[in-house]
Amino acid sequence: MGLYISGRERRKRRIRKKVSGSAAQPRMSVFRSLKHISVQIIDDVSGNTIVAASTCEKEFKDKGRTGNKESAKAIGSLIAERALAKGIDKVVFDRNGCLYHGRVKELADAARQKGLKF
């Protein structure tokens, strides 16, 4: 009997074979749970997280629901602002095995509107 691997995990492994970030063009990785969404900009060569944003942060605690499209838009805008402040304007998008739909798409669109390119 083999070990069961979910479809999301299979997609994640397939994507990560091809997607890698560098100092010039880091990887923007999105994690989505039922209640929260978080995103990191990672330099895979050195293994460092350069910028991160999440709905678990203090400023989002008072806003009510955090697992919806509006909060994903806010996180996308926030990560773009933080990345541009650090001098990062181009990233590789890693949806982490999630479908490019709903909250993941809203986050990516908001980051693009703020000036992040991928």
Side-chain angles (χ1 to χ4, degrees):
M1 246 8 229
L3 182 66
Y4 175 74
I5 300 173
S6 69
R8 183 188 154 289
E9 183 65 28
R10 238 187 338 265
R11 281 190 302 274
K12 178 181 175 177
R13 289 180 183 181
R14 186 174 61 231
I15 291 167
R16 286 291 289 129
K17 282 183 202 174
K18 302 170 191 170
V19 174
S20 181
S22 64
Q25 191 172 3
R27 176 172 57 98
M28 185 167 105
S29 178
V30 176
F31 176 77
R32 177 183 59 90
S33 72
L34 290 176
K35 288 187 177 183
H36 295 285
I37 191 160
S38 62
V39 60
Q40 295 179 330
I41 295 183
I42 305 162
D43 177 8
D44 287 321
V45 175
S46 64
N48 292 331
T49 298
I50 303 167
V51 182
S54 174
T55 54
C56 296
E57 293 177 6
K58 208 173 209 181
E59 61 192 62
F60 285 96
K61 292 288 184 185
D62 301 331
K63 293 191 178 183
R65 294 188 53 193
T66 54
N68 54 17
K69 288 183 181 181
E70 289 79 25
S71 59
K73 282 182 191 178
I75 290 296
S77 298
L78 183 64
I79 195 72
E81 289 170 6
R82 289 180 181 176
L84 292 171
K86 291 263 186 167
I88 300 166
D89 63 342
K90 193 166 186 174
V91 295
V92 178
F93 189 68
D94 176 14
R95 56 190 171 90
N96 214 3
C98 299
L99 298 177
Y100 188 77
H101 177 75
R103 290 186 284 159
V104 175
K105 184 177 186 305
E106 292 293 332
L107 185 142
D109 289 343
R112 277 192 193 103
Q113 286 177 354
K114 285 288 185 172
L116 209 56
K117 298 179 189 86
F118 34 100

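As a basis for the values below, the full set of heavy atoms in this structure was taken, side chains included, without hydrogen atoms, waters or symmetry mates.
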Minimum heavy-atom distance between D43 and S46, given as atom pair plus value: OD2-OG, 3.0 Å
Quick one: does any side-chain atom of Q25 pair with a main-chain N or O of S22 as donor and acceptor, under 3.5 Å? no
How many angstroms lie between CZ in R82 and CD1 in I50, if you round to the nearest 0.5 Å? 14.0 Å
Kindly work out whether a path of hydrophobic side-chain contacts (I/L/V/M/F/W/Y, heavy atoms less than 4.5 Å apart) joins L107 to I42. no
Nearest heavy atoms of A53 and I79, plus distance in Å: N-CD1, 3.9 Å
Residues in side-chain hydrogen bond (donor to acceptor under 3.5 Å, both in side chains) contact with S77, at least two apart in sequence or another chain: none
Value rounded to 0.5 Å, distance of CD1 in I15 from CZ in R10: 12.5 Å
Just by modelled atom types, is the I37 backbone N or O under 3.5 Å from a matching donor or acceptor in the T55 side chain? yes
With a 4.5 Å cut-off on side-chain heavy atoms, are R8 and N96 touching? yes
Does I88 reach the side chain of P26, with side-chain heavy atoms less than 4.5 Å apart? yes
Going by salt bridge (Lys or Arg N to Asp or Glu O under 4.0 Å), name the pairs with one or both residues in residues 98-112, residues two or more places apart or in two chains. K73-E106, K105-D109, D109-R112
Output yes when a side-chain donor or acceptor of S71 lies under 3.5 Å from a complementary backbone atom of T66, and no otherwise. yes
Would you name the heavy atoms of F60 and S54 that are closest together and state the gap between them? CD1-O, 3.6 Å
Gap between atom OG of S6 and atom CZ of R11 - 0.5 Å precision: 7.5 Å
What's the spacing between N48 CG and Q40 CD if we round to 0.5 Å? 11.0 Å
Should L84 and I41 be counted in the same cluster of Ile, Leu, Val, Met, Phe, Trp and Tyr side chains packed under 4.5 Å apart? no
Where does the angle between the aromatic ring planes of F93 and Y100 fall among parallel (under 30°), tilted (30 to 60°) and perpendicular (over 60°)? perpendicular
Contact summary for G21 and D44, nearest pair of heavy atoms: N-OD2, 2.8 Å
Would you say V39 ends up clustered with F118 if hydrophobic residues are merged whenever their side chains have heavy atoms under 4.5 Å apart, either directly or through other cluster members? yes
